[in-house]
Amino acid sequence: MPGEPQADCLFCKIVEGQIPATIVRESDTTVAFRDINPQAPTHVLVIPKVHYENAAALAAAEPTIAADVLREAQTVADEEKLESYRIVFNTGAGAGQTVWHAHAHVLGGRGLEWPPG
Ligand code: AMP
Ligand code: ZN
């Protein structure tokens with residue numbers, strides 16, 4: 001069922017506390033934790049607690065929770081004292097998506113090139 005925890009999903013396991021993570025924030029609907037392979041001085045992932053395979057699927061099914069993810073990303077940026085930052089939702093293997101549970105990458109703390117690679 002869409003939105004239900006998936007037994008084989010790494011991020012569902014982090015939500016349920018079955019896999020450790022460096023959690024920086026938690027709300028009723030979201031968890032934010034440090035990426036295990038950071039690509040910038042600040043690299044935090046903000047995920048919904050519910051399981052959807054990407055950001056668009058989350059927004060279609062649970063628009064309020066999709067907005068919660070964006071608000072939490074801003075709060076992470078504030079707490080990390082980032083004046084500028086980037087939110088990335090890799091969608092599809094060709095764009096680098098490797099975990100099929102919607103997540104926002106919050107990247108900052110260094111200059112960020114545009115266009116991205
Ligand atoms: P993506 O490639 O966009 O699907 O992003 C998945 C991200 O999850 C990658 O940046 C990984 O480094 C990160 N990641 C994978 N396993 C863990 C973990 N156990 N804890 C924190 N971040 C992780
Ligand atoms: Zn999941």
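Note that ligands are numbered from 1 as they come in the structure, with each ligand's atoms numbered from 1 the same way.
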* Asked: Which atoms of ligand 1 are found less than 4.0 Å from any heavy atom of Phe33?
  -> 21 (C), 22 (N)

* Asked: At a non-hydrogen distance cut-off of under 4.0 Å, which region of Val88 contacts ligand 1 (side chain, backbone, both, or neither)?
  -> neither

* Name the closest protein heavy atom to atom 4 (O) of ligand 1, giving the residue it belongs to and the distance to 0.1 Å. => Thr98 N, 2.7 Å

* **Residue and atom name of the nearest protein heavy atom (relative to atom 2 (O) of ligand 1), distance in Å to one decimal** => Gly96 O, 2.7 Å

* Structure fact -> Within 4.0 Å of some non-hydrogen atom of Phe11, the atoms of ligand 1 are 8 (O)

* Assess the pair His105 and His103: is the distance between their ring centroids shorter than 6.0 Å? => yes

* Please check if atom CG in Asp78 has more than 12 non-hydrogen atoms from other residues, nucleotides or ligands closer than 6.0 Å. => yes

* Asked: Tell me, which N, O or S atom in His51 is closest to the Zn ion (ligand 2)?
  -> ND1

* **ligand 1 atoms in contact with Leu10 (distance to a heavy atom under 4.0 Å)** => 15 (C), 16 (N), 17 (C)

* Asked: Which heavy atom of the protein is the closest neighbour of atom 11 (C) of ligand 1, given with residue, atom name and distance?
  -> Asp35 OD1, 3.4 Å

* Any N or O of His103 closer than 3.5 Å to N or O of ligand 1 -> yes

* Run the contact test for Arg34 against ligand 1 with a 4.0 Å cut-off on heavy atoms, strictly below, and give the result. => yes

* To do: Using non-hydrogen atoms of the residue, decide whether Phe89 is closer than 4.0 angstrom to ligand 1.
  => no

* Structure fact -> Logged contact type for His105 with ligand 1, heavy-atom cut-off 4.0 Å, is side chain

* **Identity of the nearest option to atom 23 (C) of ligand 1, non-hydrogen atoms only, from Ile19, Ile36, Thr22** => Ile36

* Structure fact -> So the atoms of ligand 1 within less than 4.0 Å of a heavy atom of Asn37 turn out to be 12 (O)

* Asked: Are more than 12 heavy atoms from other residues, nucleotides or ligands located less than 6.0 Å from atom CD of Gln18?
  -> yes

* Asked: Can you tell me if Ala21 has a non-hydrogen atom under 4.0 Å from ligand 1?
  -> no

* At under 4.0 Å between heavy atoms, which part of Trp100 makes contact with ligand 1: side chain, backbone, both or neither? -> neither

* Structure fact -> When Tyr52, Trp100, Phe33 are each screened for ring pair (Phe, Tyr, Trp, His ring centres under 6.0 Å) with Phe11, the one that passes is Phe33

* Closest to the Zn ion (ligand 2), which N/O/S atom of His101 is it? -> ND1

* Structure fact -> For Asn90, the atoms of ligand 1 under 4.0 Å from one of its heavy atoms are 3 (O)

